[in-house]
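Reviewing the structure listed below.
In this text the structure is predicted, and so the values were computed from the model without any measurement. Both backbone and side-chain heavy atoms feed into the values below; hydrogens, waters and symmetry mates do not.
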Amino acid sequence: MTAAPEVLHRRTVRTRQLSLRFRPRTVVVCGALVVALLTLVVIATGTGDFPISPLDVVRTLVGAGDHINDFIVFGLRLPRVLVGLMCGIALGMAGGIFQSLSGNPLGSPDIVGFTSGSATGALLMILFFGGGQFGIAIGAVVSGAVTTALVYALAFKRGAQGYRLILVGIAVGAALSSVNAYLLTRAEVNDAQQAAVWLIGSLNGRGWSQVWPLAAALVVLMPVTLWLGRGLDVLEMGDDAARALGVRVEMTRGAAAARWRRADRGGDRGGRPDRLRGAGGSAPGPPADRRAGRRAARRRPDGRRVVAGQRPGSRAAHRRRTTTGRGDDRRDWRDLSDLAAGEPVAGRTGIMSNRLAAQDLRLAYDTRVVVEDLSVTIPDSSFTVVVGPNACGKSTLLRALSRMLKPKTGAVYLDGAAISSYRTKEVARRLGLLPQTSVAPDAISVADLVARGRYPHQKLLRQWSPADESAVTRAMAATGVSDLVGRYVDELSGGQRQRVWLAMILAQETSILLLDEPTTFLDIGHQIDMLDLCADLHSEHGYTLVAVLHDLNHACRYATHLIVMDGGQIIASGPPAKVMTADLVRDVFGLACRVIDDPDPETGTALIIPASRKSAGQVRDLAG
């Protein structure tokens, strides 16, 4: 086992089968908390009607105590302490998972209604069915699961966003709390007292028969929680950003909610069922090139088998380097021209002759159709810019090309196969997306955000390889954010943030980048800076870029291929010099203008000069 030197403010421990990243500060803090917890366990075990000093408790725990202390510690107090401790761990995991799901510190079990739902099931079993320990536990689990499904279903609208989960959960929880209060008022006195003890909670009478089932539940649930944790971390950046990095959003969210429900009930089963007892009662990856080699040949829509192109990030790709770059801080960025083109797929013709294309798309949100019968081909190694008036379907098309939005009819093709046929992580290894809106988690550093771009290439036990480290370092150098590595993202300016987000998708090592309005909210200087960077990625490193822009002069200046949309249709496409005319601008944007065909002395591209709205009626055609 070796410990790698501190890189990006973290250290890495690597063995032949394992690589994990950690912050030294986190290890120190967790170690201190463990020591404090063990101290509290010793103190709690020695506290009671028959006090035992901490030293005697320790002696008893290591087998050096007398018979009386052995009986008190092992027979009475230690089981209760362990049950309370493990219930706390289970509830802590539940709260942490749901706060990640909702992206809100209010997303705790008691606030969003799940605890109230479980209580309703338990009360029904106590008051109407006279259930014993097992029956009450089953009632609580089933009712909690039904409540979880109800909250999720009511909050679901093209995904279950965090704020909707919180609001719906609070409403459902309030309603169920009212039901629980009504049930208690209608119950017999003895039943109501019994139910109240269950609701409040008690460790009285806990024994080893409760410790072992709860410990077994935690042994199963804690590794599952760790496995889900990486996906939940990425999910904090928003659904689109998470999907673009290979997270199966709804499956991860649903699995986490189910694990949360089990963890929460695991805590209750350790403590709550026995609350009905009296005071003295006893208790009821392999390397990327080998992965690519193992992948089975994929089928095209016509049934013929084709071999998918080598994915970016393979070992063969890593052998090719360049010292060309945009400024001194980008000289280590490797040449990706071969990866951008991809390996040709035998027999590709027509719309599938390029790496990214779509055919006969019908795109809609619920019943509102945005795009109808649209086909498009993205030329390989091009800087394609999509322009058009607001609400014409530009971003919707980009979402479909990146598999964020499932077409009602038609299909998107990536490397010769329908994009829906790829696994989510495989798409993320071939195609990167910078969404229009991404959310940086609170107090996340630049280095940590860029490192999340490596998620598609990582596994649970191999979380940080030398290739990951190298890719992140190069991505930050290429975007000029290496000097921001230790700063928090929420401290940066808008232009710096956009560069950091672009660095994250460059760290994915994909050769196709989709950028949804990358200059939004940026001043003119940062807009040009961002577009110059994108142009460098295309011209110097061979990336295929597709960007949605609103500024027509920027589109003409940077695009090698221009797509003009209106009303969910492609009106024109091709080289900007041929596509952009005064008539087209007037017809699509309703704007009279002059298109200056003489080369711009700065870039040699056309310029669009808008006419005054007042004079538009007098100069209807300014093209000549």
If only side-chain N and O atoms count, and only distance matters, is there a donor-acceptor pair under 3.5 Å linking Tyr488 with Asp442? no
Are any non-hydrogen side-chain atoms of Cys534 and Leu515 less than 4.5 angstrom apart? yes
Between Leu433 and Met404 the two heavy atoms that sit nearest each other are CD2-CG, 3.7 Å
Going by the rule side-chain contact (heavy atoms from CB on, under 4.5 Å), which residues pair with Ala242 if we only count those two or more places apart in sequence or in a different chain? Val234, Leu235, Val247, Val249
Sequence neighbours excluded, the answer for salt bridge (charged side-chain N to carboxylate O under 4.0 Å, His left out) partners of Asp468 is Arg454
List in chain and number order the residues that pass side chain to side chain donor-acceptor pair (under 3.5 Å) with Arg403, two or more places apart in sequence or in another chain; answer none if no residue qualifies. Thr424
Heavy atoms, side chains only, cut-off 4.5 Å: are Glu517 and Ser395 in contact? yes
Output, in order, the C-alpha distance, side-chain angles, deciding distance and verdict of side-chain contact (heavy atoms from CB on, under 4.5 Å) for Arg430 and Leu356. CA-CA 10 Å; Arg430 294 169 179 262; Leu356 183 61; over 6 Å; no
Can you sort out the partners of Asn553 under side-chain contact (heavy atoms from CB on, under 4.5 Å), two or more places apart, ordered by chain and number? Asp551, Leu607, Ile608
Taking the side chain as C-beta and beyond, is there a heavy-atom pair between Thr148 and Val151 under 4.5 Å? no
Applying side-chain contact (heavy atoms from CB on, under 4.5 Å) to Ala440 and not counting sequence neighbours gives Ile444, Val489, Trp501
Under a 3.5 Å cutoff, is there a donor and acceptor pairing between the side chains of Asn354 and Thr377? no
Sequence neighbours excluded, the answer for side chain to side chain donor-acceptor pair (under 3.5 Å) partners of Thr409 is none
Side chains of Leu562 and Lys578: does their closest heavy-atom pair fall under 4.5 Å? no
Give the intermediate values and the outcome of side-chain contact (heavy atoms from CB on, under 4.5 Å) for residues Leu531 and Leu549. CA-CA 10 Å; Leu531 292 173; Leu549 297 179; 4.2 Å; yes
Side chain to side chain, Leu361 and Val376, heavy atoms closer than 4.5 Å: no
Quick check: does any side chain N or O of Arg499 sit under 3.5 Å from a backbone N or O of Thr479, one acting as donor and the other as acceptor? yes
How long is the gap from SG on Cys392 to CD1 on Ile570, to the nearest 0.5 Å? 10.5 Å
Do Lys394 side-chain atoms and Ala547 backbone N/O form a donor-acceptor pair below 3.5 Å? no
Okay, side chain of Arg497, backbone of Asp490: is any donor-acceptor separation there less than 3.5 Å? yes
Please find the pair of heavy atoms, one from Pro456 and one from Arg429, that lie closest to each other, and give the distance. O-NH1, 2.7 Å
Closest approach of Ala503 to Val481 (non-hydrogen atoms, all atoms of both residues): CB-CG2, 4.3 Å
Does any part of the side chain of Val546, heavy atoms only, come nearer than 4.5 Å to the side chain of Val386, both counted from C-beta? yes
Residues passing the salt bridge (charged side-chain N to carboxylate O under 4.0 Å, His left out) test with Glu372, sequence neighbours excluded, are Arg362
Side chain to side chain donor-acceptor pair (under 3.5 Å) partners for His526, two or more places apart: Asp523
Taking side chain to side chain donor-acceptor pair (under 3.5 Å) as the definition, give me every residue that meets it alongside Thr384, ordered by chain and number, with sequence neighbours left out. Ser382
Residues passing the side-chain contact (heavy atoms from CB on, under 4.5 Å) test with Phe521, sequence neighbours excluded, are none
Donor-acceptor pair, side chain of His538 and main chain of Ser381, under 3.5 angstrom: yes
Looking only at atom types and distance, does a side-chain atom of Asp380 sit under 3.5 Å from a main-chain N or O of Arg355, one as donor and one as acceptor? yes
Is the side chain of Gln498 donor-acceptor paired with the backbone N or O of Pro518 at a distance under 3.5 Å, no angle test? yes
Interatomic spacing from CZ in Phe383 to OG1 in Thr560 - rounded to 0.5 Å: 8.0 Å
Tell me, do Leu552 and Phe589 make a side-chain contact under 4.5 Å, heavy atoms counted? yes
Short side-chain to backbone donor-acceptor contact, Thr519 and Leu522, under 3.5 Å: no
Output, in order, the C-alpha distance, side-chain angles, deciding distance and verdict of side-chain contact (heavy atoms from CB on, under 4.5 Å) for Leu506 and Leu537. CA-CA 10 Å; Leu506 289 182; Leu537 292 173; 3.9 Å; yes
When you compare the side chain of Leu492 with that of Val446, does any pair of heavy atoms fall below 4.5 Å? yes
Rounded to the nearest 0.5 Å, the OH atom of Tyr543 sits from the CG atom of Leu513 at a distance of 6.0 Å
